[in-house]
Amino acid sequence: MPATQKKILIVEDNPDNRELFCAFLQSRYDTDACGTAFEALGHLGNPDTRPDLILCDIGLPVMDGVELLKEIKDQARLRRIPVIALTAFALTGDRERFLSAGFDDYISKPIMDDDALFGPIERLLSAGSTE
Ligand code: MN
């Protein structure tokens, strides 16, 4: 039996970024993508599409990434899914701001190399597998 691939959900409203992330992630993971927080909540509500990890853009229309995170952490069956903030903001202090909001890690766009993307993902996926 083949090893089960981990599922990753990417929530990103910019179609170019979304495609780029999918292209990177599909080499290693079972990847799903959506452009809004509402769509993401749909994926999360269905056990068949519920991911092992979420990459979440901060700047999303109507409901932003921080609000989506709050929804996720408010639900007992979702709150253990690691959520990585994905943002173009590269100001000093942002990392602390997103971690204190409850994100498990932070990746800034654009992605400069594979390690910047896969490092935090692998760390969180392996931390979760012992639970
Ligand atoms: Mn955005």
Side-chain angles (χ1 to χ4, degrees):
M1 208 168 90
T4 311
Q5 270 193 325
K6 296 282 189 179
K7 265 200 202 23
I8 295 197
L9 176 64
I10 165 140
V11 192
E12 162 67 78
D13 62 323
N14 179 297
D16 292 337
N17 280 343
R18 199 162 61 227
E19 261 181 56
L20 191 66
F21 276 109
C22 280
F24 267 116
L25 293 168
Q26 274 166 351
S27 65
R28 297 200 194 182
Y29 311 108
D30 181 358
T31 308
D32 252 332
C34 54
T36 68
F38 299 104
E39 231 183 301
L41 288 170
H43 279 267
L44 293 166
N46 179 348
D48 293 333
T49 53
R50 193 166 297 153
D52 298 294
L53 183 140
I54 302 164
L55 286 180
C56 185
D57 183 25
I58 297 295
L60 294 168
V62 188
M63 183 192 278
D64 72 16
V66 177
E67 291 171 289
L68 174 59
L69 177 76
K70 220 166 163 279
E71 289 288 323
I72 292 167
K73 297 302 177 187
D74 278 350
Q75 296 189 42
R77 63 188 175 169
L78 301 182
R79 73 166 58 109
R80 281 164 60 166
I81 302 173
V83 186
I84 298 177
L86 213 56
T87 174
F89 308 148
L91 303 171
T92 311
D94 270 359
R95 185 180 175 83
E96 288 67 29
R97 188 154 66 85
F98 293 121
L99 295 181
S100 69
F103 287 99
D104 294 278
D105 210 334
Y106 166 95
I107 295 174
S108 48
K109 295 182 280 188
I111 298 299
M112 295 311 208
D113 62 277
D114 279 17
D115 285 350
L117 179 65
F118 292 122
I121 291 175
E122 284 300 314
R123 185 180 61 77
L124 287 167
L125 285 176
S126 54
S129 65
T130 55
E131 283 183 348

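Order of appearance sets the numbers: ligands from 1, and atoms from 1 within every ligand.
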J.: Give a yes or no answer on whether the side chain of Q75 reaches the backbone of R77 with a donor-acceptor pair at less than 3.5 Å.
T.: no
J.: Okay, side chain of D104, backbone of V83: is any donor-acceptor separation there less than 3.5 Å?
T.: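 Checked: pair present.
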J.: For the backbone of K7 and the side chain of D52, can you confirm whether one donor and one acceptor N or O come within less than 3.5 Å of each other?
T.: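 Such a contact is found between D52 side chain and K7 backbone.
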J.: Taking D16's backbone N and O only, do any of them form a donor-acceptor pair with E19's side chain (distance below 3.5 Å, no angle check)?
T.: no
J.: Rounded at 0.5 Å granularity, tell me how far CD1 in I111 sits from CZ in F21.
T.: 4.0 Å
J.: Under 2.8 Å from the Mn ion (ligand 1), protein N/O/S atom count?
T.: 3
J.: Atom CZ in F98, atom CG in D105: separation rounded to 0.5 Å?
T.: 12.5 Å
